[in-house]
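Written below as structure tokens is the structure these notes are about.
Side-chain atoms are counted along with the backbone in the values below, which use heavy atoms only and exclude waters and symmetry mates. Labels below follow one simple rule: chain letters A, B, ... track the order of the sequence lines, proteins then strands, and each chain is numbered from 1. Just so it is clear, the structure is predicted and the values come from calculations on it, not from any experiment.
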There are 2 protein chains.
Amino acid sequence: MQYHLGMADTQPLVAALDQAGYRLTETRRAVAELIAEREGHFTAADLVGEARDRRLGIGRATIFRALDLFADLNVLERLDLPTGEHAYVPCEPAHHHHVVCSRCGRTTEAQDHGLQVVVDDIARRTGFAIETHRLELYGICPACRATPAR
Amino acid sequence: MQYHLGMADTQPLVAALDQAGYRLTETRRAVAELIAEREGHFTAADLVGEARDRRLGIGRATIFRALDLFADLNVLERLDLPTGEHAYVPCEPAHHHHVVCSRCGRTTEAQDHGLQVVVDDIARRTGFAIETHRLELYGICPACRATPAR
DNA sequence: GCCTGTACCGAGACTGGATCTCAGCAAAAG
DNA sequence: CTTTTGCTGAGATCCAGTCTCGGTACAGGC
Ligand SMILES: [Zn+2]
Ligand SMILES: [Zn+2]
Ligand SMILES: [Zn+2]
Ligand SMILES: [Zn+2]
């Protein structure tokens, strides 16, 4: 089967599969392509629709399976948007947080320098033994700030 | 219609309705009761089940409508648990964050003293104009830490 | 290059959360 | 009390995500 796709950078995604010992199938490469082509965050439905439009013949369940897999490998992260939507963003495997543009949906990764102090402070005040945390930031990206609002 | 419910503190919930000019119906008072009785976070399905068990005759959609309403009024917050579940927690209207016990589900509110510095730092590094943020902390609460793990 | 075991795949049924519709009802105002 | 209209219950509907299962093709061994 041939998918005739473009040349967006699927390398990190495909490499993660390979490294973890998963099979590098045509279908997974195609999903990696669809992901790599995206600007900003996207939903599972977005990919399903895109695959259908291009007549790629990729099954619904397969796309969900691939998304789960990439998320498990930490090269894709699932965001819970304030709207309730579940969106995905490709990203680095290391711990980090996302800054999401509320106008165009593009995201950037951010290190949390200094956050540990805040977390420790909250742990002390509440008595909880904090195990993990999630920080999500919403705002307007540089590109959107430059345009005079849609 | 009479609901024969207990005496948990529904005051903040009901007051918020009143203050915002919504009707104080028996049904909404009943949902407020169900919410106020809860320990820790709960799902919409929890309330629907509870209402059905008690033969309160409250419709499914009505519970969802009430939850949305309370959330809009900022006296209830919707959490996106790491498991993907959508849970709710009653809370103060002011800006704050939640510390969630990953064993029993109880939550505590936390102020984010010092977080602003981190947010400003990220804004400077990324060039985003940050508008809002969400911080969720997961760990083990004092009560659960005291018990030798179930 | 060919064989083989098994991970993977597509189609479509299925589940369960959440929303919509609409006729009837009841809260609040006068 | 009467009127207005926001609110409600029942059930249809929608849709994201999962499951099943027969068939496929990847990767490793020869
Ligand atoms: Zn933008
Ligand atoms: Zn962090
Ligand atoms: Zn606990
Ligand atoms: Zn904050």
- Item | Any residue meeting salt bridge (Lys or Arg N to Asp or Glu O under 4.0 Å) with Arg28(B), in chain and number order, not counting sequence neighbours | none

- Item | Contacts of Asp121(A) that satisfy salt bridge (Lys or Arg N to Asp or Glu O under 4.0 Å) - sequence neighbours left out |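 Once residues adjacent in sequence are excluded, the partners of Asp121(A) under the salt bridge (Lys or Arg N to Asp or Glu O under 4.0 Å) criterion are Arg124(A), Arg125(A).
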
Expressed as a whole number of angstroms, how long is the span from [X]:[atom1] to [N]:[atom2]?
X: Arg55(B); N: dA10(D); atom1: CZ; atom2: P; answer: 13 Å
X: Leu47(B); N: dT8(D); atom1: CG; atom2: P; answer: 15 Å
X: Ile58(B); N: dC7(D); atom1: CD1; atom2: P; answer: 16 Å
X: Asp80(B); N: dA18(C); atom1: CG; atom2: P; answer: 10 Å
X: Glu85(A); N: dT19(C); atom1: CD; atom2: C1'; answer: 15 Å

- Closer than 4.0 Å, any side-chain N/O of Arg28(A) to the OP1 or OP2 of dC26(D)? no

- Item | Check: Thr43(A)/Glu85(A) side-chain N/O donor and acceptor closer than 3.5 Å |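 No - no donor-acceptor pair under 3.5 Å links their side chains.
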
- For nucleotides 12-23 of chain D, 5' to 3', base contacts (B), sugar-phosphate-only contacts (S) and non-contacts (-) with protein non-hydrogen atoms under 4.0 Å give ----BBBBB---

- Describe, as an angle rounded to 10 degrees, how the axis at the first end of the helix from dG1(C)-dC30(D) to dG30(C)-dC1(D) is tilted relative to the axis at the last end, five pairs per end. 50°

- Rounded to the nearest 0.5 Å, the CD atom of Glu39(A) sits from the SG atom of Cys104(A) at a distance of 8.0 Å

Which atom pairs, donor and acceptor, lie under 3.5 Å between side-chain atoms of residues 87-95 of chain B and protein residues at least two apart or in another chain?
from     : atom 1 : to        : atom 2 : distance (Å)
His95(B) : NE2    : His97(B)  : NE2    : 3.1
His95(B) : NE2    : Asp112(B) : OD2    : 3.1
His95(B) : NE2    : His133(B) : NE2    : 3.1

- Pull out every residue in residues 12-24 of chain A that has a heavy atom closer than 4.0 Å to any atom of DNA chain C, ordered by number, or say none. Tyr22(A), Arg23(A)

- Would Glu33(B) and Arg29(B) pass as an ion pair if we require N to O under 4.0 Å?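 No, Glu33(B) and Arg29(B) are not salt-bridged.
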
- Query: Going by heavy atoms in the side chains, are Glu136(A) and Glu136(B) under 4.5 Å from each other?
  - Reply: no

